[in-house]
Amino acid sequence: MEAAVFILSLVDCCALIFLSVYFIITLSDLECDYINARACCSKLNKWVIPEMIGQCLSTVLMLVSMHWFVFLLNLPVAAWDIYRYLKVPMGNMGVFDPTEIHNRGQLKSHMKEAMIKLGYHLLCFFIYLYNMILALIND
Amino acid sequence: MKLTCSFDGTLTYILISVIYWSPGPSQNPVAIQQLPGVSYGMTHQPPYNPMQAKAPVAPGPGLYHSGYPPVSSYQPGPQLASYSTPPGQPLLTRPQIAGPPLHTPPQSASPSPGPRMPLAQATPPPPAVSSSSYYSNLQQPQPNAQPWQYNPVPAPMGTPPPPNSMSSPPRGPVANHLNPPSSSTAPPPPPSSSTAYSLPQQAYGSHSVTQPPGPGIPPTSLHGYNQPGRNMFNILARGRYCQIHGPGQAQLSPSLAALSLQSSSPEALRVVNLLQDRNLLPPTSVPAPTPCLPHDLQKVNCSPEVFRCTLTSIPQTQSLLNKAKMPLGLLLHPFKDLSQLPVVTSSTIVRCRSCRTYINPFVSFLDQRKWTCNLCYRVNDVPEEFMYNPVSRSYGEPHKRPEVQNATIEFIASSEYMLRPPQPAVYLFILDVSHNAVETGYLNVFCQSLLDNINALPGDSRTKIGFITFDSTIHFYNLQEGLSQPQMLIVSDIEDIFLPTPDSLLVNLNECKELVQDLLKSLPTLFEKTMETQSALGSALQAAFKLLSPTGGRMSVFQTQLPNLGVGALQSREDPNQRASAKDIQHLSPATDFYKKLALDCSGQHIAVDLFLLSSRYCDLASLGCISRYSAGSVHYYPSYHQQHNPAQVERFQKDLKRYLTRKIGFEAVMRIRCTKGLSIHTFHGNFFVRSTDLLSLPNVNPDAGFAVQMSIEENLNDMQVVSFQAALLYTSSKGERRIRVHTLCLPVVNSLSDIFAGADMQAMTGLLACMAVDRSVSASLSDARDALTNAAIDSLSSYRHSVLTIQQPGLLSPACLRLFPLYVLALLKQKAFRTGTSTRLDERVFAMCQLKYQPLAYAMLMIHPALYRIDDLTDEGALNINDRTIPQPRVLQLSAENLSTEAAFLMDAGTVMYLRVGKNCNPIFLNQVLGVPSYAAVPDNLYLLPELDTAESQRTRAFIGWLKDQRPFFPTLHVIRDESQLKPSFMQNLIEDRTESALSYYEFLLHLQQQISK
């Protein structure tokens, strides 16, 4: 059971890592002018909700399996994802808005956020991996 | 299945109930216009095509100076000086002695005695200089305050800069420039404006300030003045000062005083105690400061009307900028109508190979064959063709080419600058014909204006035109050639809009002019009896988008109510009871992303949407405005428009339409703003879509659009003396030519705070702050934006007090160049866009915000700080003389009720509106001779036009008001008001120095600032 939870989390975490990398690549494409803001934002906005769901999934998994430390580690990130999604003004086209992404250093802060998430997911990846191995051995 | 019924005899209706159309590709066959790649008639080049020479002449009033054949028209150098004069504004001005360009620094800045020599024998200024002095400022205006630390880049404090020698950058063979400040013959820079302004403490006031370091400036700060380029003047100024300090001083003639104002550079840093000196407004408009550059660079620099920076001296590092707490940014008016513009036709446009900068006057030539880019410092080859100079018809002088002599220049681009062949000019008009719209009667005015100006629409033989009207259905008009009368096609399926006859809705204007005229004549009567009250604007826009997609073009949307049907329907969000009382204003941001998405689609297809909103009720401009904002259109708002009830508004609409229809237009435009390595742009303001980091997509560009950008310093500029900014606007003219207009601005880099303050441009700073505050009110809240504005004033003044002044004195001290900044900030706080506590309709507030972001600085400044004149005693003294008309020049008064009197008449010019306030006991001569009424009581309530009387007073007054009106592209309404008039409150609200129920007076505001600073 425990092993199953961590295997599932591990898969989820891998997906989130790929997603972070995808965000970073797309944003840096925009920075280097390989794609235009419109294309970039519509690509990224598509993945905001899947990312949120993925993050919430691993949070919930940790909660139900009562791994409090990992749960607390996941909670703020999940909360941030939800907050960010809910805070989008009505007139904006999503978390990433093509008309604003070049203003007030938004591109940079999105980039920074994606980087931090990548690091965080990598950390989680190893925690899950360790816990999974531990669970498998204990079984 | 079509059902045809005839109606009215004028039009044929076809009701289409079944959709079976697949709109065919209606790509118009467009002749590819091959631009002969030609240069200035060099013999070894492809032959110069004489036809080509005529092409560039743009039509339309006041656009280019008459004939501007690319080849023959170059005039080297001096010409530039005059181009900055806007049409209609004469060079001849008030008694301004042609002074030296302001801070013309000597080549080397070390305060050695050397430079004195040239000064002593100063020669009369060359003509070019004198005309450029028209722009030089009386003083260095404003330092900016950085209220917001938007600059995310924390730059490390720069290492101490190298001894700052102000030498110009290496320019190779270009003549060496050791230009002494040319007209230093001029009388002593006297001091301060005080003489001229008659300060209370004139007795010493004027003198003490004469001394460069004003009374409050500590000796240490002297060091600041000795910065590059200034020292010479100081020496001179001080020397002179000693001489005149004696008895002679009192006799300084006004002209001398004016001159001195211009020429002393420390003037910008003269310490002013804002709490004591009240009369700080210059008698006429506030001039832009001149960058402290070597004379030969400044001579060719871009005009401040086109390109302005908030800090005319760029700080070396971000940390220095943060310390100065002033915003760094550029304000542009790139497509301004210029009276003189060099146009170059050349097969190769010389650009830097790595950063693609266009060659400009500030590059340096290493030798004849190499030039160094002034933005990225790459060394480039000079192409063979560039060696020939068409102006002098000589070979081997690349640095004398017009491209290197003019900071503003236009190139005719070759086919490599085109994504597709240039498209024809396409105009589509989308008209609201619901009951509400018909009620206002705008259709008559619109149709009549278009009929009158139909031949003046910019374009060529390919120009296309089309019309769509809408209420709860969408009506198209088939104007195909060969029809005997226009055919109206009604599409009632607004959920899934389609084009009934895609090929015949947009027609060639020249071939179908009669049909178009028929339509325009019958349109107003056609809907006279409509009872349809709904408005399906969203669907009409989608239809128009489909119609224009293949070619791009311009959509003009006329809307009179809140769209309430189909896609893009909006709800009323305004609660009229909350207008005055609400602590924070809600609903400044759009309610839906429909209009934004559509605008981006339009932008992608090179379509701009201009919105004319004529409504007395709430229309949710915050949402609707997005359609223009992101498609680079413009928004025009006529609140309470009604044909009978509001004749002033009707006249304004009429005049604005005329300008709108006939002004120059550029299609498929993009603008790129480049800056020297180390600087970067982080926020853009204006109407456009930012496509990539420095590329603005502008489906249309019009001459009345302004832009602003905020910048940050990402790398230290330690080893640079100057930095440059280049705005390149690539557009297709209405004649189907691809053109590039390039503006380059060069500014010095400084490393001391006092120099940064000395170069601050208070008007530019105010304009940029207004843009930032608009952003802030939308993204955070209005009260946040108001706080940030106040903080901007506090920050800049406290930074000045704590970092530049070393001797602390009581009072609120400000450098002279910033002296109006607190006033402007207060004016912003009381502006419609940001005021609280006064009842302001949401749409009007949002419109004011749009204007602040979109208008060029000169017009935005009038909105922020209106000009007040006393006009019942106009005289010819000091008058301008333009085209044999004498235009009196009354002085600008402070916006305070204490300047008003019941015995006089005052004119307040607030940009889009002018108020002529007649006092109760006004001079009967004025009433008689100007207003044409026997007594005060007989002044009509809604007088909005001055009668044309044949008296000297009337002529003077009308000449003056006409002159003011000529200086802006839009039409201001004039209201004559009495004490009892309804409009009196709007007039009084513009008296920003006075206290109102909800806002501080200027003096209270200053006390508040002082309190915050001394904390």
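What you see below is based on every heavy atom in this structure, not just the backbone, and it leaves out hydrogens, waters and symmetry mates. From a predicted model like this one, the values you see are computed outputs, not experimental measurements. The chains referred to below are lettered A, B, ... by the order of the sequence lines, with proteins before strands, and numbering in each begins at 1.
- Neither the backbone nor the side chain of A:Gln106 comes within less than 4.5 Å of any heavy atom in chain B.
- Under the 4.0 Å criterion applied to side-chain N and carboxylate O atoms, A:Lys108 and B:Glu714 are assigned as salt-bridge partners.
- For residues 42-68 of chain A, heavy-atom neighbours of chain B at less than 4.5 Å comprise no residues at all.
- Note that NE2 of A:His102 is 6.0 Å distant from OG1 of B:Thr693, once rounded to the nearest 0.5 Å.
- Counting non-hydrogen atoms of neighbouring residues, nucleotides and ligands closer than 6.0 angstrom, the CG atom of B:Leu419 reaches no more than 12 such neighbours.
- By the 4.5 Å heavy-atom criterion applied to side chains, B:Leu600 and A:Pro98 are counted as neighbours.
- Distance check: A:Asp29 CG to B:Ser692 OG gives 12.5 Å after rounding to the nearest 0.5 Å.
- Residues B:Lys597 and A:Arg38 approach most closely at O-NH2, 4.0 Å, considering heavy atoms.
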_Please evaluate residues B:Lys596 and A:Asp97 with respect to the criterion side-chain contact (heavy atoms from CB on, under 4.5 Å), reporting the C-alpha separation (whole Å), side-chain torsions for both, the decisive distance (0.1 Å), and the verdict._
CA-CA 10 Å; B:Lys596 191 189 244 186; A:Asp97 190 284; 2.8 Å; yes
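- Here NE2 of B:His682 is found 9.5 Å from CG of A:Asn103. Values are rounded to the nearest 0.5 Å.
- Annotation for B:Arg378: atom CZ counts as buried by contact number, over 12 foreign heavy atoms lying within 6.0 Å.
- A salt bridge links A:Arg104 with B:Asp775: the closest approach of a Lys/Arg side-chain nitrogen to an acidic carboxylate oxygen falls below 4.0 angstrom.
- Both the backbone and the side chain of B:Phe684 come within contact range of chain A, each with at least one heavy atom under 4.5 Å from a heavy atom of that chain.
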